[in-house]
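Just the heavy atoms: all of them, side chains too, but no hydrogens, waters or symmetry mates, feed the values below. Residue numbers begin at 1 in each chain, while the letters A, B, ... track the order of the sequences. Being a predicted model, the structure only gives us computed values, none of them experimental.
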Amino acid sequence: MEYNFKEIEKRWQQTWAAEQTYHVTEDPSRPKFYVLNMFPYPSGAGLHVGHPLGYIASDIYARYKRLRGFNVLNPMGYDAYGLPAEQYAIQTGQHPAVTTARNIDRYREQLDKIGFSFDWDREVRTCDPSYYHWTQWAFERMFASYYDNRLAQARPIRELEEAFATGGTAGVDAACSEELSFTAAEWEAMDWKRRQETLMNYRIAYLGETMVNWCPKLGTVLANDEVVDGVSERGGYPVVQKRMRQWCLRVSAYAQRLLDGLERIDWTDSLKETQRNWIGRSEGTEMEFRVKDSDVRLTIFTTRADTIFGVTFMVLAPESELVGQLTQPAQRAEVEAYLEATKKRTERERIADRRVTGVFTGSYAINPFTGESIPVWVSDYVLAGYGTGAIMAVPAHDSRDYAFARHFGLPVVPLIEGADVTQESFDAKEGTVMNSPRAGVEALDGFSLNGLEVKDAIAATKRFVTEHGLGRVKVNYRLRDAIFSRQRYWGEPFPVYYKEGMPQMIPEECLPLELPEVTKFLPTESGEPPLGNAQQWAWDTAARRVTDKARIDNVTVFPLELNTMPGFAGSSAYYLRYMDPHDDKALVSPEADRYWQAVDLYIGGSEHATGHLIYSRFWDKFLFDIGVSCADEPFLKLINQGMIQGRSNFVYRIKDTNTFVSAGLKDGYDVTPLHVDVNLVQNDVLDVEAFKAWRPEYADAQFVLEDGKYVCGWAVEKMSKSMYNVVNPDTIVERYGADTLRLYEMFLGPINQSKPWDSNGIDGCHRFLRRAWNLYFRKDGAPAVTDEAPSRESLKSLHKLIRKVTEDIEAFSYNTSVAAFMIAVGELAQQKCTSRAVLEPLAILLAPFAPHIAEELWHRMGHATTVCDAEWPAWDEQYLKEDTVTLSVSFNGKTRFTLDLPADAPREEIERAALSAEQTRKYTDGFQIVKVIVVPRKIVNIVLKK
RNA sequence: GCGCUUGUGGCGAAAUUGGUAGACGCGCCAGACUUAGGAUCUGGUGGUUUCGGCCGUGUAGGUUCGAGUCCUAUCAGGCGCACCA
């Protein structure tokens, strides 16, 4: 009987769909397990073989867990909002909703062919109103919340209003954009608008005037993680810094919790480290410097408070508002020219060209410890967005300050004994402090750090600063608030209208606020975002619905927000929605949430480390605070699947001809290597006829063959259309079947490693499946499975396999379990094993990896129910025991001969046998036996000495 | 510059965690069956060898009876962060 994978796979896929085999419901009688893949953005190019890698790995685990009695949630959906569909819409006029739906259909078709155990009933699409209803809802809750630093928790903004009314800002410790200070009376005196503005300073979702990454080409702002090397991640367009009023999320309030949470989750060290880096916690001191002849106080942040005696100048960021106040008339022209020049430089230019630039303001700060005057400069090496936007410069012990001091001829005062600062600064935080203060300089209260170790000097300075009211100990984070608006069409609309210029939320019960139709996807002529083109885009507060813009009277009808939300909005809480995808009363019902808790296993690429995986953790912590999610970490275990790279093929054209030379002969000619579509190549041999048909210019191509074949060259490159190395999973499924594809993707190597797709090895996996199939049938096609008792040998093969596969799946080492299958099937074939007692468990073991063939074999063995509900077999140690064991006998670590002994021989007997073996005499002759080391069942090592 | 990570045959990779390095697959070689093979099956396949062995896990040391595995130094690749004070 032939292994007809096409027929088998098609039939079972239909059956599973018809019988809802993978439909899952909350079942408190069974333990739950939640497996999740990062949902894909449905691009127009469809899936290539790299995409399903993670899906297959998680599907194997999901099926395995189900076989072990778990109630497994394994959902799939689409991250459907995104720039490519919109860019395509701008070019072609095709509505993004149309292209997105088409791409989703294509993805679904491709996914269905691979035989996943997804519960499609729980599918979500971020662009569905029923889905983004809850994205908008979460945003509204963030707007209505502030972060209480003392409780380390989000609280209703109402509580803050009450606190302001009773005591002003005194006693309030809340995360904010700007430290404010007012009394209850001042709060009471504020009008509605003023209060709204004040509250905005505290809201978790807030409208903020900030420096943003503006991408003129895309016509939108971008989050920090969407900017790579000063250009946009999508498209690679230049990005400039621009001050704009934008929606932001106060992610920074959660910095410490995001950091602490990493301790409790099972992620790779490298990923946790990446997040720690991104959060960038830095413990230091904030110190105040008075300015000579001015009321201005300069606050700076430093991690090296101990270097206070080496401060020889101060530097302000060009964007700092203090620049204007501190610039003296004599320096005004120069400073303004500098600010102008800095503004013109893009982020990219600043990174590419690290010239030392700066300008003196004419003002002098006063060192709070010594009273010395210190010149205040402006330079773009100080960033406005970090710390206070001002620094104390210690050129002797900071390389950037050093470069600046050398360039402008400012003094360098070394503070560490033995540090040579004639050529470069001494940045290390070690050594003994000196010159603190210098001889002859009197410090405040006789303070001195001389003779202390740097570590102790930092602590001593912190203590002194706090005690003398010169500043405070402060923790800074690199993590910035997330900019949450995009000037694009294809995204979630904000449920926001504007009254007196202040944003108002649309009532929760009126959600979702649906994305309006527009005629054009480009910004309006007046520079408004694309939603400015929508006619039906105003909010009627009386009728509580969207209405025509023309009716705006700012009395009952108000303009709606024109920005839309960024890509990460929809992907931040989708794992919660899968728990309860059809609920129209809540994002997730408490029952469903309590049952599924959190994602037990999350699989996806590490490229989301500083984007989605931060935002999602933030979003979840917020939902945890307001009691919607019961888990404060959303993804308990995370595995990063490696990228599948492309394996490109090349043909070699002899220059100025249409003749192509086979790879082995190309060195004899002057050739140009050209990418050739890998689908025209099999095992590196070119299908010459297909090649001729590929492109008109190759129709009359000539070939120089080797051994009658045209052999192509190859290289590992990114899988992309332009390299002609994209391998489509459908092609593989068509040729070998889904089970072979699944097996082969896993066999390729460890899932967390990047590796090139190489179709060359796939035959091996396909052969394995055929051999497995052949175990179950006789040559004439009749079923071979019998009720005979299995041989001990066969049981040993089976139980060895059960143990190996079970342990490997638990360790996500799928490539080695596939190898174990190959060995076991080979052994069983050799043993001519036909016993049901062996072949049935074998089919179950195979089910997670190759579900179609397993299901088919299971049914052919007479089972009416699906193999998915079978019970995972357990191994029995008694079959794994050996009767005899072959020991290696080594002398001084070198193996010389082997010895067969009963497996249960005690240590003494092994030792005796080794010493009395006749070969032993040969090696011990003339030596003294120092000791004998017995590694039971493995090695006897005899240590010799002359 | 800082952090993380990986170096093993012609290739993808294994190695029970300190115990016979290279499982399994590809490729290659030989054979069988075939008019034929890009089909199938069987056997072989790290290097070297005077056929006793000897040498082999990026490089150089160290610990150990014994090191791919542990320690020290060093080189190379990949990823992340990067005027973050």
Selection from B:rC4, B:rG25, B:rG19 that lies nearest to any side-chain heavy atom of A:N941: B:rG19
Could you check B:rU17 for me: syn (within 90° of 0) or anti? syn
Assigned partner base of B:rA30, Watson-Crick or wobble definition, under 3.5 Å: B:rU42
Rounded to the nearest Å, what distance is computed from the CD1 atom of residue A:I644 to the P atom of nucleotide B:rG12? 14 Å
When we call it a touch if two heavy atoms are under 4.0 Å apart, what does A:P750 touch: a base, just sugar-phosphate, or nothing? sugar-phosphate
Among B:rA13, B:rC65, B:rG19, the one nearest any side-chain atom of A:I939 is B:rG19
So does A:E430 pair up with A:K455, basic N to acidic O under 4.0 Å? no
Just to confirm, is there a sub-4.0 Å distance from OP1 or OP2 of B:rG12 to any side-chain nitrogen or oxygen of A:K755? no
When you check the glycosidic angle of B:rG52, does it come out syn, meaning within 90° of 0, or anti? syn
Does B:rC81 have a Watson-Crick or wobble partner in any strand here, with both distances under 3.5 angstrom, and which is it? B:rG1
Nearest-angstrom distance from the residue atom CG of A:D398 to P of B:rA82: 17 Å
Nearest-nucleotide 5' precedence on RNA chain B, A:V943 against A:L748: A:L748
What is the separation between atom CG on A:N760 and atom P on B:rC24, rounded to the nearest whole Å? 20 Å
Please check the phosphate of B:rU16 (OP1 and OP2 only) for any side-chain N or O of A:R803 closer than 4.0 Å. no
Under 4.0 Å: is that the gap between some side-chain N or O of A:R276 and OP1 or OP2 of B:rG3? no
Taking atom C1' in both B:rA67 and B:rA60, compute the distance separating them and give it to the nearest angstrom. 15 Å
Counting side-chain heavy atoms from CB outward, which of B:rC81, B:rU20, B:rA85 is closest to A:W278? B:rC81
Its glycosidic angle compared against 90° from 0, B:rG80 adopts the form anti
Using the C1' atom in both, what is the distance from B:rG46 to B:rG56, to the nearest Å? 8 Å
Phosphate oxygens OP1/OP2 of B:rG25: is one of them under 4.0 Å from a side-chain N or O of A:Y744? no
By nearest atom, which of the nucleotides B:rC81, B:rA85, B:rA13 is closest to the A:T610 side chain? B:rC81
When you measure from the side chain of A:I933, which nucleotide among B:rC65, B:rG80, B:rA85 comes out closest? B:rC65
Quick check: are there more than 12 heavy atoms from other residues, nucleotides or ligands sitting under 6.0 Å from CD of A:Q830? no
Between B:rU20 (P) and A:R896 (CZ): distance, integer Å: 16 Å
My understanding is that a pair needs two contacts under 3.5 Å, Watson-Crick or G-U wobble. By that rule, which nucleotide pairs with B:rA60? B:rU72
On RNA chain B, does the nearest nucleotide to A:D763 precede the nearest nucleotide to A:E273 from the 5' side, or the other way round? Give the residue. A:E273
Interatomic spacing from CE in A:M643 to CG in A:L53 - rounded to 0.5 Å: 11.5 Å
Classify A:D758 by what it touches in the nucleic acid, base, sugar-phosphate, or nothing, heavy-atom distance under 4.0 Å. nothing
Answer yes or no: does a side-chain N or O of A:S282 lie under 4.0 Å from OP1 or OP2 of B:rA85? yes
Quick check for you: among B:rC26, B:rA14, B:rG12, whose closest atom lies nearest to any side-chain atom of A:T816? B:rA14
Should B:rG19 form a Watson-Crick or G-U wobble pair with both distances under 3.5 Å, which nucleotide is its partner? B:rC65
Does B:rA85 have OP1 or OP2 under 4.0 Å away from a side-chain N or O of A:R478? no
Who pairs with B:rA36 - Watson-Crick or G-U, where each distance is under 3.5 Å: none
Rounding to the closest angstrom, what is the interatomic distance between B:rA82 and B:rG18 at atom C1'? 40 Å
Do A:R617's NZ or CZ and the ring of A:W278 fall within the cation-pi criteria of under 6.0 Å and 45°? no
Can you tell me which nucleotide in B:rU16, B:rC4, B:rG25 comes closest to the side chain of A:K938? B:rU16
Side-chain donor-acceptor pair present, A:T388, A:E286, cut-off under 3.5 Å: no
Quick one: are the ring centres of A:F313 and A:F404 less than 6.0 Å apart? yes
Under 4.0 Å: is that the gap between some side-chain N or O of A:Q753 and OP1 or OP2 of B:rG78? no
Need one value for A:S888: base, sugar-phosphate or nothing, where a base atom within 4.0 Å counts as base even if backbone is also close, heavy atoms only. base
Looking at B:rC81, B:rA14, B:rG80, which one has an atom nearest to any side-chain atom of A:N815? B:rA14
Roughly how far apart are A:I751 CD1 and A:E745 CD, rounded to 0.5 Å? 11.5 Å
Say you pick atom C1' in B:rG22 and the same atom in B:rU69; how far apart are they, in whole Å? 15 Å
Nearest-neighbour nucleotide for the A:D269 side chain, B:rC24, B:rA85, B:rU5 considered: B:rU5
Looking at A:R771, I'd like to know whether one of its side-chain N or O atoms comes within less than 4.0 Å of OP1 or OP2 on B:rC41. yes
Nucleotide of B:rC24, B:rA14, B:rA85 approaching A:I391 most closely (side-chain heavy atoms): B:rA85
Who does B:rC11 pair with, Watson-Crick or G-U, both distances under 3.5 Å? B:rG25
If the C1' atom of B:rC4 is compared with that of B:rA21, how far apart are they to the nearest Å? 28 Å
Count the heavy atoms of every other residue, nucleotide or ligand shown that sit under 6.0 Å from CD of A:Q423, and state whether that count exceeds 12. no
About how many Å separate CG of A:L828 and CZ of A:R771, when rounded to the nearest 0.5 Å? 13.0 Å
Taking atom C1' of B:rA85 as reference, at what distance in whole Å does atom CG of A:N476 sit? 10 Å
Interatomic distance at C1', B:rG1 relative to B:rG66, whole Å: 41 Å
P atom, B:rU63 versus B:rU48: distance in rounded Å? 33 Å
Pairwise P distance for B:rU72 and B:rU6, with rounding to whole Å: 16 Å
